[in-house]
Amino acid sequence: MSYIDGFVAAVPTANKQKYIQHASDAAAVFKEYGATKMVECWGDDVPDGKVTSFPMAVKCQPEETVVFSWIEWPSRAVRDKAMPKIMDDPRLQPDVNPMPFDGKRLIYGGFETVVLE
């Protein structure tokens with residue numbers, strides 16, 4: 001089964017187009033190194049919670065929007081081999097493709113697929 005890297009971030013709403021360009025540029029690099037799919041989702045119906053929620057998890061401010069995204073890989077082995085190359089790729093360096101959001105509040109993790117319908 002495939003392997004998924006998942007992400008949640010708070011992006012300044014005013015940076016929506018910058019974020020889309022940033023993600024599109026990154027997607028080309030990830031796919032070059034073996035990712036099969038990259039999906040970026042701009043929050044549309046992301047309610048605040050009382051105990052926990054996406055906005056609470058990333059400390060989303062009123063002028064920000066929650067973004068949910070994932071990268072699909074054929075396997076964890078492919079991802080693990082690709083990731084150091086991706087991090088070193090000059091096209092993704094901060095001076096070339098800066099993150100248009102606070103990366104300190106980015107939540108991410110790798111997930112083994114258990115159900116895929």
Side-chain angles (χ1 to χ4, degrees):
M1 285 226 185
S2 58
Y3 192 78
I4 305 295
D5 281 324
F7 307 88
V8 180
V11 177
T13 305
N15 286 354
K16 183 177 183 180
Q17 289 308 312
K18 287 181 185 178
Y19 181 83
I20 291 169
Q21 186 62 55
H22 168 81
S24 294
D25 292 345
V29 175
F30 278 87
K31 290 180 100 178
E32 184 178 312
Y33 287 103
T36 55
K37 184 186 294 186
M38 185 166 156
V39 178
E40 296 286 342
C41 305
W42 191 259
D44 179 56
D45 183 17
V46 187
D48 289 322
K50 291 185 180 183
V51 177
T52 189
S53 66
F54 281 121
M56 290 170 71
V58 293
K59 298 183 180 179
C60 193
Q61 301 300 307
E63 69 284 355
E64 295 177 321
T65 300
V66 173
V67 172
F68 175 67
S69 58
W70 67 92
I71 302 168
E72 182 180 56
W73 299 93
S75 67
R76 180 174 178 179
V78 171
R79 187 268 252 163
D80 287 351
K81 184 177 177 184
M83 204 54 80
K85 296 174 188 174
I86 291 167
M87 293 296 112
D88 287 340
D89 192 292
R91 296 169 289 178
L92 295 184
Q93 298 310 304
D95 58 326
V96 175
N97 190 9
M99 291 190 301
F101 60 93
D102 181 1
K104 292 177 186 170
R105 292 185 285 142
L106 172 71
I107 297 172
Y108 62 92
F111 299 85
E112 177 184 316
T113 305
V114 293
V115 175
L116 183 61
E117 295 289 329

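Note that the structure is predicted; figures quoted are calculated from it, not measured.
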Give the cluster check for M83 versus V29: same hydrophobic cluster or not, with ILVMFWY residues linked at side-chain heavy-atom distances below 4.5 Å. yes
Check your understanding: Applying the 4.5 Å side-chain criterion to the ILVMFWY set and letting contacts propagate, would M1 and W70 be lumped into a single cluster?
Key -> no
Query raised in the report: Do V58 and I107 have side-chain heavy atoms sitting under 4.5 Å apart?
Result: yes
In short, side-chain hydrogen bond (donor to acceptor under 3.5 Å, both in side chains) pairs touching residues 94-105 with sequence neighbours left out are H22-N97, E64-R105, D102-R105
side-chain hydrogen bond (donor to acceptor under 3.5 Å, both in side chains) pairs touching residues 8-17, sequence neighbours excluded, are T13-T65
What one should report as the nearest heavy-atom pair of C60 and V66 is SG-CG2, 3.9 Å
Of all heavy-atom pairs linking V39 and C41, the shortest is CG1-SG, 3.7 Å
message: Could you tell me if the side chain of P55 sits less than 4.5 Å from the side chain of V46, heavy atoms only?
response: yes
Here the pair of heavy atoms bringing T36 nearest to W73 is OG1-N, 4.1 Å
Smallest heavy-atom separation, G34 atom then P74 atom, equals O-CD, 3.3 Å
Contacts of A23 meeting side-chain contact (heavy atoms from CB on, under 4.5 Å) (sequence neighbours excluded), chain-then-number -> Y19, M38, E40
Is there side-chain contact between L92 and F30, with at least one heavy-atom pair below 4.5 Å? yes
The test is side-chain contact (heavy atoms from CB on, under 4.5 Å); show your working for V78 and Y3 and say whether it passes. CA-CA 9 Å; V78 171; Y3 192 78; over 6 Å; no
All N/O donor-acceptor pairs, side-chain side in residues 108-117, below 3.5 Å, sequence neighbours left out:
from	atom 1	to	atom 2	distance (Å)
T113	OG1	S2	O	2.7
T113	OG1	S2	OG	3.2

Residue pairs passing the salt bridge (Lys or Arg N to Asp or Glu O under 4.0 Å) test with at least one member in residues 41-53, sequence neighbours excluded, are none
In one Ile/Leu/Val/Met/Phe/Trp/Tyr side-chain cluster, 4.5 Å: L106, F54: no
So if you build clusters from Ile, Leu, Val, Met, Phe, Trp, Tyr with side-chain heavy-atom gaps below 4.5 Å, do W42 and F101 land together? yes
Quick note, side-chain hydrogen bond (donor to acceptor under 3.5 Å, both in side chains) partners involving residues 83-94, not counting sequence neighbours, are E32-R91, Y33-D89, D89-R91
